[in-house]
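Notes for the one structure printed next.
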Amino acid sequence: MNRASPTADEPGGAFGPGSDSIDLSALFALLRRQIPLILLTVALFVGVAFAYSMLAEKVYQATTRVLLDPRDKQLVGPEVVRPTQGVDLSWIETQVDLVTASGTLRGVVESERLIDDPEFGGTGNPADLDAVLTSLARHVRAERGAQTYVIDVIVSSTSAEKAARLSIAVADAFMDGMTEAKQNAARQASVLIARQIDDLKAKAREAEERVEAYRKEHGVVQIDGRPVDEQTLKQLNEANVAARMKADEASSRLAKLDAISRESGGDLASALSSVDSPVLGRLKVEYAMAVRQQAELQQTLGDRHPRMQAIGADVARSRSLITQELKTLVARARVDADLAKSQVASSTAALVAATRKVSETSDASVAMRDLEGEAAIRRDVYRAFVARAQETGLQENLQVSDARIISPAQIPLYPSSPRKKIILGLAGIGGLGVGLALALYRGRARMLRPVAAPAVAIADAAPEFRRKPALVVDPPRPPGIVLAEVAVSESLASGEGLSDEAAGTGIASFAKDAYPAFQALAGALTMPADTEGPAVHILFGTAASGAIATVAHGLARVLAEPQVETLLIDASYGSVTTGSALVGHDAPGILDVEFSGVDPHAIGTRLPDASIVLLPAASARLRQEIGHHGDQLIQTIRDVADGFAHVVVDLGPACPPALFNALVAIADDVVMVVDAQEADAPEILARFNELRHLVPELRGMVTTLATSASVETRPVVTAG
């Protein structure tokens, strides 16, 4: 085992004021030793929190979800719902605030008779209305979902049914308030419009009267709102245009028929194809048939046949009739053309006269149109106000709320407060923090122990100090180095010529006599509450083996408790040991189980009149092997230590360095036992100071003072 040695100018420990570092392993070891205290603190906090969560008044929360519909709803018009391009976020936040407004909550107080509900401070007295409103406001809150039009109306109450009922009531009151606000706006608009209608009606009538007076004064006659002269001019213009078109058509027909009549000597069929006349059409068909029949007979009979002469006469007659009808059509077309020209002349004359008349009355018409425009504007404004007044009057009773309930509140099954899991979690965290703080506070003395620095082998620091030369001359004794002074018999102090029975009697007797000294020694050592598992105390020194055995046994008796036993391990090489004196020279030990196959249950003896179990490290024949099997000794201590509060190890005066190093690794306290006459010897103090820097667990010295008291030669215990 290597241990670090602090420098001379850094005497502080790992947690001391002279050190800038923290030994986490030591800290965790300290906390592990304080686990019962930490668990007890956590259990206390959790228990108090559980009791509070069970005894505290339960509060229930119910939530009603309301959807805001910002679209414009008009029941009067072609579209019931008009789409919106966007909604101002401030409008939504305003609606959220209106849920908890006093106007909304006042309706809930009235509808739910909360003035009589003691939970909200109601006593039935109407004067308490403001107090009830204030109390209800503390129980109601409104929350808006992120980037949505949904509002959660949350109401808390000590009654689950009441919480759900009030949540729905607040949502209904909120929606009724929105509808009432729209109705009030429509009613106010209707009243304001009605105030303007009478004035607009009078102004429109006045404008109409001015128009009629001007019309009579200037002789402006109108039909369907337009002057008669203008209408006459329009009609004459249209008649003139029609007459000109008719005349053009008649002239064109006359020219066409006249041209055909002049060219009648040719092919009549092609000439008459463009003439539209029923008579000519029939004659043209008869003529064509006669010509075709004449051509057919000519091929078969010849030109001089009588039938050819008859058919020739028919062709001539048909041609004559066509010529006569064509002349008749020409004469009729000439008459129509002359008549159309006369109509054009007459309509032109009338149009000129009408134009002259309209020009004469143009100035009056301009002023007349201005008056009519003003009258029309006033008439339209009046009609618009009348229509709007009727519309707002209808809208007052046809308003639809801009919100609707999409999820009514349900009766909550579990209370929202107190939140048992959160309370228990916080209590557990708080209890753990307090437990850790208490553990660190209780272990503060252990935390401030000096710690080692550079590694130095302590093989040369074995307990055989009396055989080594002094390294320091006259070093001063540190204050508080002597933890206790114990009186032992001269025979135990020398260890010469003393039987095991006599040694056992002396060890037991002097342990009782020096009980106060052992109490003082125990008070300077580590307690089980300050460490993990049992507290391990190592005793070695320069005193005789009998004296060290007496101190080990006496300390074990003081530390033993009725409910929790103390384990006393004899690992001494001396002539007088606790195992040989109190149990027997050949009593088997730990190494006997390993090397001799001894039953593990056969080793260890419970001492009478004390809660002490004495466990030898080895029997007398294997005692010299103890120094080579310190790891086996440590493993045994760890295996059996759970049932003990303290473990006291007697290493005697001639402990091998390897065994000393191994056991110090698990030790909570190391105590050096020296003869009182040698306690101030320079070599003893030098070795003690050197070892104190190497072994932080070294608590101090126990001095033994030899007395002349006799020792009875009778056994104290029997091995078994």
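Counting from 1, the numbers follow the sequence of the chain as shown.
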So does A131 get a backbone contact from the side chain of S135, meaning a donor-acceptor N/O pair under 3.5 Å? no
Under a 3.5 Å threshold, yes or no: a donor from one side chain and an acceptor from the other, between T526 and D669? yes
Taking distance alone, no hydrogens or angles, what donor-acceptor pairs closer than 3.5 Å link side-chain atoms of residues 613-621 to residues at least two apart or in another chain?
unit_1 : atom_1 : unit_2 : atom_2 : d
S619   : OG     : D592   : OD1    : 2.8
S619   : OG     : D592   : OD2    : 3.3
R621   : NH2    : S596   : OG     : 2.5

Can you measure from OH (Y60) to OG (S416) and round to the nearest 0.5 angstrom? 9.5 Å
If you draw a 6.0 Å radius around CD in Q677, do more than 12 non-hydrogen atoms from other residues or ligands fall strictly inside? no
So do the side chains of I603 and V593 get within less than 4.5 Å of each other, counting heavy atoms only? yes
Can you tell if the side chain of L691 reaches within under 4.5 Å of the side chain of F660, non-hydrogen atoms only? yes
When you measure from the side chain of S545 to the backbone N and O of S575, does any donor-acceptor pair fall under 3.5 Å? yes
With a 4.5 Å cut-off on side-chain heavy atoms, are L685 and M701 touching? yes
Hey, are D639 and Q635 close enough side-chain-wise for a donor-acceptor pair under 3.5 Å? yes
Any side-chain heavy-atom pair of L436 and Q34 under 4.5 Å: no
L440 versus L31: any side-chain heavy-atom pair under 4.5 Å? yes
Taking side chain as C-beta onward, heavy atoms only, is L633 less than 4.5 Å from I569? yes
Per side chain to side chain contact (heavy atoms under 4.5 Å, CB included), V670 is matched among L651, L525, V664 by V664
What's the spacing between K162 NZ and I411 CD1 if we round to 0.5 Å? 13.5 Å
What verdict does the side chain to side chain contact (heavy atoms under 4.5 Å, CB included) test give for L492 and T704, after you've listed the backbone C-alpha separation in whole Å, the side-chain angles of each residue and the deciding distance to 0.1 Å? CA-CA 10 Å; L492 288 175; T704 59; over 6 Å; no
